[in-house]
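Nothing here was measured: the structure is a model prediction, and the numbers come from that model. All values below were derived from every heavy atom in this structure, side-chain atoms included, with hydrogens, water molecules and symmetry-related copies excluded. A, B, ... follow the sequence lines: proteins, then strands. Residue 1 opens every chain.
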Amino acid sequence: MRQAKQRGRGGPPLLDSGFWILVALAATSTVAAVAIKGTGGLAEGGQVILRDLKVILPQITLGITVGVLFSVLVPSSVISRYLGEQSGVRGILLAQVFGMLMPGGPFTSFPLVAALGRLGAGIGPLMSFLVGWEAVGLHRMMVWELPFMGGEFALLRLLSCLPLPFLAGFLAMWLARKFPGIRPEFHG
Amino acid sequence: MNFGLVTLFVLAIVLFPLVMHRHPEAIRPTLITMRQQFTMILLRMPFALIAAAYLGLIIPPDAVAAVLGEEGGARGVLAAFLIGAIIPGGPVMMFPLALILWRSGAGEAQMVSFLTSWTVVALQRSLTFEIPLVGVKFAIFRLASSWMMPLLAGGIAMGLVAWTALSPP
C-alpha cells in the first residue's frame, strides 16, 4: 500500500495522510472563518495568505536549497566515523556539535543513534547528539524556522537552546551511572 | 532587509560552489532531491497557509495571550511546554501554527518553550518513530535525561527577551 504511493525514483510519498490532514484543516478553518466572520473574513484571510506566501516562499525555496546542499556536505557516515570512538565530556561536546549539524528527520537520526550505540559511543555523547539535533537542528532551522519565524527569533531560540544538548548528555551520563538498570542497551 | 533571507542567500552562495568542487558526482542526485522536496512542500504549503490564515482569524487573541502571553511569564512557559509536548504533526503543520500563536499574542520566551518542547519531548514522534526504531527503554531514558530542557530554554529566553524586543513578521 505504502509502496504504491511512492514515486518511481524512491522519493517521499507525495500525498500521505499528513497531506490530507492539512487539506481537511484548511477546509474546516476556511468554513469556520466564513461562518463566524462572513465573506469579509474570506478576503481578510486571503490577504494574509498572499502576504505570507510572498515572504515565506522565497525563503523556503532558499532554505530547501541550503538544506539539501548541507546534507551532501555532512553525510551521516562522516558523523558516525567521528562520533563512534568519542566518550566523556569531550565526547559530549563534540556530539553536541555533530547533532546540531545533523540533517534529516527522525527516520535518519534514530537509526543513526542505534548504530552509534552499537559502535560503542557512550550514552552521554549519544544523548547530547540527539538533543543537539532535536533542540537546535540547524538544518530544520534553515528550512523552517528562518522562513516562518524570522532571523531574530531563530537566533533567540538558538541561544536559549545552546546549553541544552551538553546538559542532557551530562545528565544521561549521571543517570546511567546512578541507575544502571535504566541504561538502554544496543544489541548488534 | 530580512535577516533570515540574507542568511539563507549567503549560505546558498557559499555552499553551492563547495558542493560542486568537493562532490561533483553528487550534483545530479542533489538536484533530484531538491526537486522532490520542492514538489512535496509546494503541494502542502498553500494548505498550511490557508489553515494558518483562517485559524488566525477565528482564534481569539485574548485567549492565546492569556495563556501564552508574555505577562504569563513562567506559567506561560510551562503551558507552552505542555502544548508543544503533546501536539502531533511535522514542521509543515507546526511552523504555521507557531506563527499564528505568536501573532495572536504569545510571548517570545513562550514560543521558544513551545517549539523546543515540540522537537525535544515530542511524544507523538516517540510513538511513531522512536519506539519502533530504538525501543521503549531508550525512549524512557531519553525522556528522563531531556524532558526538562525546553523549560530551561524558555527560562533562558525569558532572560534574553528582557533585553530585546521581538515581534512576529
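Between A:Trp144 and B:Phe95, the two ring planes are parallel [angle under 30°; tilted spans 30° to 60°].
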Evaluation steps, side-chain contact (heavy atoms from CB on, under 4.5 Å), between B:Thr116 and A:Leu164: CA-CA 10 Å; B:Thr116 310; A:Leu164 307 187; 4.1 Å; yes
Hey, mind stepping through B:Phe16 and A:Val66 against side-chain contact (heavy atoms from CB on, under 4.5 Å) and telling me if it holds? CA-CA 8 Å; B:Phe16 197 72; A:Val66 170; over 6 Å; no
Inset, instruction - Go through A:Leu146 and B:Leu8 one step at a time and tell me if the side-chain contact (heavy atoms from CB on, under 4.5 Å) criterion holds. - result: CA-CA 8 Å; A:Leu146 278 177; B:Leu8 288 172; 3.8 Å; yes
What's the verdict on side-chain contact (heavy atoms from CB on, under 4.5 Å) for A:Leu57 and B:Leu42, showing C-alpha distance, side-chain angles and the deciding distance? CA-CA 9 Å; A:Leu57 210 58; B:Leu42 278 179; 4.0 Å; yes
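Using a 4.5 Å cut-off between heavy atoms, A:Pro163 touches chain B through its side chain atoms alone. Only the side chain of A:Met127 comes within contact range of chain B, judged by heavy atoms closer than 4.5 Å. For chain B, the nearby parts of A:Ala176 are the backbone and the side chain; heavy atoms of each come within less than 4.5 Å. Using a 4.5 Å cut-off between heavy atoms, A:Leu22 touches chain B through backbone and side chain atoms alike. Only the side chain of B:Val134 comes within less than 4.5 Å of a heavy atom of chain A; its backbone N, CA, C and O stay farther away. Using a 4.5 Å cut-off between heavy atoms, A:Ala32 contacts chain B through both its backbone and its side chain. Contacts of A:Ile21 with chain B are made by side-chain atoms alone, with heavy-atom separations under 4.5 Å and no backbone atom involved. Interface remark: A:Thr28 contributes no atoms to any contact with chain B (heavy atom separation under 4.5 Å). Proximity to chain A involves both the backbone and the side chain of B:Met111, based on heavy atoms less than 4.5 angstrom apart. In this structure, chain B has no heavy atom under 4.5 Å from any part of A:Trp174. When heavy atoms are compared at a cutoff of 4.5 Å, A:Leu42 approaches chain B by way of both its backbone and its side chain. Looking at B:Met149, the atoms closer than 4.5 Å to chain A (heavy atoms on both sides) sit in the backbone and in the side chain alike.
Under the 4.5 Å side-chain criterion, counting only non-hydrogen atoms from C-beta, A:Glu44 is not in contact with B:Tyr54. Looking only at side-chain heavy atoms (C-beta outward), B:Phe141 and A:Ile123 come within less than 4.5 Å of each other. Residues A:Glu145 and B:Leu115 form a side-chain contact, since some pair of their non-hydrogen atoms from C-beta on lies under 4.5 Å apart. Between B:Ile140 and A:Ile182 there is no side-chain heavy-atom pair separated by less than 4.5 Å. Looking at A:Glu134 and B:Val121, their side chains never come closer than 4.5 Å, going by heavy atoms from C-beta outward. Looking at heavy atoms from C-beta onward, A:Met149 lies out of side-chain contact with B:Glu108 at the 4.5 angstrom threshold. At least one side-chain heavy atom of B:Phe138 sits less than 4.5 Å from a side-chain heavy atom of A:Val113. With a 4.5 Å cut-off on side-chain heavy atoms, A:Phe148 and B:Leu97 do not count as touching.
The hydrophobic clustering, which links ILVMFWY residues whose side-chain heavy atoms are closer than 4.5 Å, places B:Val120 and B:Trp118 apart. One hydrophobic cluster holds both A:Ile36 and A:Ile49 under the rule that ILVMFWY side chains link at heavy-atom gaps under 4.5 Å. Under the 4.5 Å side-chain heavy-atom criterion for Ile, Leu, Val, Met, Phe, Trp and Tyr, B:Ile131 and B:Leu143 are members of distinct hydrophobic clusters. Hydrophobic clustering (side-chain heavy atoms under 4.5 Å, transitive across Ile, Leu, Val, Met, Phe, Trp, Tyr) keeps A:Leu50 apart from B:Leu99. The cluster map of Ile, Leu, Val, Met, Phe, Trp and Tyr, joined by side-chain heavy atoms under 4.5 Å apart, puts B:Leu127 and B:Ile86 in different clusters.
Contact count versus chain B (heavy atoms, under 4.5 Å) is highest, among A:Val31, A:Val68, A:Val136, A:Ile60, for A:Val68. No other option in B:Thr128, B:Leu133, B:Val19 has as many heavy-atom pairs under 4.5 Å with chain A as B:Val19. Contact count against chain A (heavy-atom pairs under 4.5 Å) is highest for B:Thr119 among B:Val14, B:Thr119, B:Ile58. Looking only at heavy-atom pairs under 4.5 Å with chain B, the residue among A:Val23, A:Val48, A:Val131 that has the most is A:Val23. Ranked by heavy-atom pairs under 4.5 Å with chain A, the first of B:Ala53, B:Pro91, B:Ala12 is B:Pro91. For the set A:Leu171, A:Leu69, A:Leu130, the count of heavy-atom pairs under 4.5 angstrom toward chain B peaks at A:Leu69. The most heavy-atom pairs under 4.5 Å with chain A, out of B:Val92, B:Leu11, B:Leu31, B:Thr33, come from B:Val92. Heavy-atom pairs under 4.5 Å with chain B were tallied for A:Leu25, A:Leu53, A:Thr30; the largest tally goes to A:Thr30. When B:Gly90, B:Ser146, B:Gly56, B:Pro96 are compared by the number of non-hydrogen pairs under 4.5 Å with chain A, B:Pro96 comes out ahead. Contact count versus chain A (heavy atoms, under 4.5 Å) is highest, among B:Met158, B:Arg142, B:Arg22, for B:Arg142. Counting heavy-atom pairs under 4.5 Å between each of A:Pro184, A:Ala26, A:Ser160 and chain B puts A:Ser160 at the top. In terms of heavy-atom pairs under 4.5 angstrom with chain B, the leader among A:Ala114, A:Pro111, A:Ser109, A:Gly41 is A:Gly41.
Rounding to the nearest 0.5 Å gives a distance of 12.0 Å between CD of B:Gln37 and OG1 of A:Thr61. For the atom pair B:Ile50 CD1 and A:Asp52 CG, the distance stands at 11.5 Å (nearest 0.5 Å). Rounding to the nearest 0.5 angstrom, the gap separating the CZ atom in B:Arg44 from the CZ atom in A:Phe19 is 6.5 Å. The structure places CG of B:Leu160 at 13.0 Å from CZ of A:Arg157, a figure rounded to the nearest 0.5 Å. Between the OG atom in A:Ser29 and the CG atom in B:Leu57 there is a gap of 9.5 Å [rounded to 0.5 Å]. Atoms CD1 and CD, on A:Ile64 and B:Gln36 in that order, are 11.5 Å from each other to the nearest 0.5 Å.
Dense packing is recorded around CZ of B:Phe38, with more than 12 heavy atoms of other residues, nucleotides or ligands lying under 6.0 Å away.
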